Amino acid sequence: PLYGMSDERLLAGHALFPVSVSTAVLLVVAVVCAAATGSTVWPPVLGVLLLGLFGVLTRLATALQGPLPPALLAPMPTPMGDLGGAVRFAWALQGVLLAGLAGAATAMIVDVPGFALGTAVVLIGLCAHRWRHRH
C-alpha cells in the first residue's frame with residue numbers, strides 16, 4: 001500500500017471516525033431538542049442513527065469510486081444530441097447525489113421506511129461492488 005497501512009485501516013480512519021463523532025453530536029442535539037419541545041424522542045434519534053450509517057456508506061462509496069472509466073469519455077449519440085457530458089457530470093457528482101439520496105431517505109424514515117431500506121440496499125451493494133473491484 002502507498003501509505004504503509006491496509007485499505008481497511010485507511011477507510012476506518014477516514015470514514016468511521018468523522019461520521020461517528022458528527023453522529024454523536026447530532027444525537028445529543030436531537031435528544032435535547034426533542035426534550036425541549038416535548039415531542040417524542042425516537043423519530044429524531046432513529047433519523048440521526050440512520051443518517052450516520054448512510055454517511056459512512058456514502059463516504060465509503062465515494063472513496064472507492066476510482067478514476068473515470070475510459071468508456072465514459074466516448075461520445076454517446078442520441079436523437080437529442082450527445083449525452084456524454086451529462087453522464088460525466090453525473091459521475092463527477094456521484095457523492096453529492098448519494099448524499100442527497102441518503103438525506104431524503106432519512107427525512108422520510110417515519111413515513112416511508114421502505115425508501116430508507118431501499119437506499120440502504122443500494123449503498124451497501126454499491127460499496128460491496130466497489131470494494132471487490134478496487135485497484
Side-chain angles (χ1 to χ4, degrees):
L2 180 64
Y3 298 109
M5 58 183 75
S6 67
D7 292 342
E8 294 85 2
R9 185 168 177 200
L10 282 172
L11 285 175
H14 290 290
L16 294 178
F17 179 73
V19 173
S20 63
V21 169
S22 62
T23 301
V25 169
L26 286 175
L27 192 59
V28 169
V29 169
V31 169
V32 167
C33 289
T37 59
S39 62
T40 60
V41 177
W42 75 268
V45 167
L46 179 63
V48 167
L49 293 175
L50 188 65
L51 188 62
L53 173 69
F54 285 166
V56 168
L57 292 173
T58 302
R59 284 181 63 106
L60 290 177
T62 304
L64 295 170
Q65 184 174 4
L68 179 71
L72 293 182
L73 296 174
M76 297 178 185
T78 66
M80 293 180 284
D82 184 17
L83 292 180
V87 171
R88 288 187 291 278
F89 185 68
W91 183 90
L93 289 179
Q94 190 177 64
V96 175
L97 295 173
L98 288 175
L101 177 69
T106 302
M108 297 188 296
I109 183 63
V110 176
D111 298 328
V112 189
F115 182 51
L117 181 64
T119 301
V121 168
V122 166
L123 288 173
I124 290 169
L126 185 63
C127 288
H129 173 74
R130 287 184 177 172
W131 182 261
R132 277 185 263 132
H133 293 92
R134 72 186 188 281
H135 299 276

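Both backbone and side-chain heavy atoms feed into the values below; hydrogens, waters and symmetry mates do not. Note that the coordinates shown come from a computational prediction; the quantities given were computed from them, not determined experimentally.
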Would you say the side chain of Leu53 lies within less than 4.5 Å of the side chain of Leu49, judging by non-hydrogen atoms?
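A side-chain contact under 4.5 Å is absent here.
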
What's the separation between atom CG in Leu68 and atom CH2 in Trp91, rounded to the nearest 0.5 Å?
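Spacing of CG (Leu68) from CH2 (Trp91) equals 5.0 Å.
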
Nearest-0.5 Å distance that lies between atom CG in Leu51 and atom OG in Ser22:
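So the gap between those two atoms works out to 8.0 Å.
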
If you group Ile, Leu, Val, Met, Phe, Trp and Tyr by side-chain heavy-atom gaps below 4.5 Å, do [X] and [Y] land in one group?
X: Leu60; Y: Val19; result: yes
X: Val45; Y: Leu26; result: yes
X: Ile109; Y: Leu123; result: yes
X: Val48; Y: Trp42; result: no
X: Val110; Y: Leu117; result: no

With a 3.5 Å distance limit and no angle check, can you tell me whether [X] reaches the backbone of [Y] through a side-chain donor-acceptor pair?
X: Asp82; Y: Met76; answer: yes
X: Thr62; Y: Arg59; answer: no
X: Arg88; Y: Leu72; answer: yes
X: His133; Y: His129; answer: yes

Return the set of residues passing side-chain hydrogen bond (donor to acceptor under 3.5 Å, both in side chains) with Thr40 (not counting sequence neighbours), or none when no residue passes.
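Result, side-chain hydrogen bond (donor to acceptor under 3.5 Å, both in side chains) vs Thr40: none returned.
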
Between Leu126 and Ala61, which heavy-atom pair has the shortest distance, and what is it?
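Smallest heavy-atom distance, with atoms named: CD2-CB, 3.9 Å.
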
List the atom of Leu64, the atom of Cys127, and the distance in Å for their closest heavy-atom pair.
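Where Leu64 meets Cys127 most closely, the heavy atoms are CD1-O, 4.0 Å.
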
For residues 93-106, tabulate all N or O donor-acceptor pairs below 3.5 Å that involve a side-chain atom, not counting sequence neighbours.
{"residue": "Gln94", "atom": "OE1", "partner": "Gln65", "partner atom": "NE2", "Å": "3.2"}
{"residue": "Gln94", "atom": "OE1", "partner": "Arg130", "partner atom": "NH1", "Å": "3.2"}
{"residue": "Gln94", "atom": "OE1", "partner": "Arg130", "partner atom": "NH2", "Å": "2.4"}
{"residue": "Thr106", "atom": "OG1", "partner": "Ala102", "partner atom": "O", "Å": "2.8"}

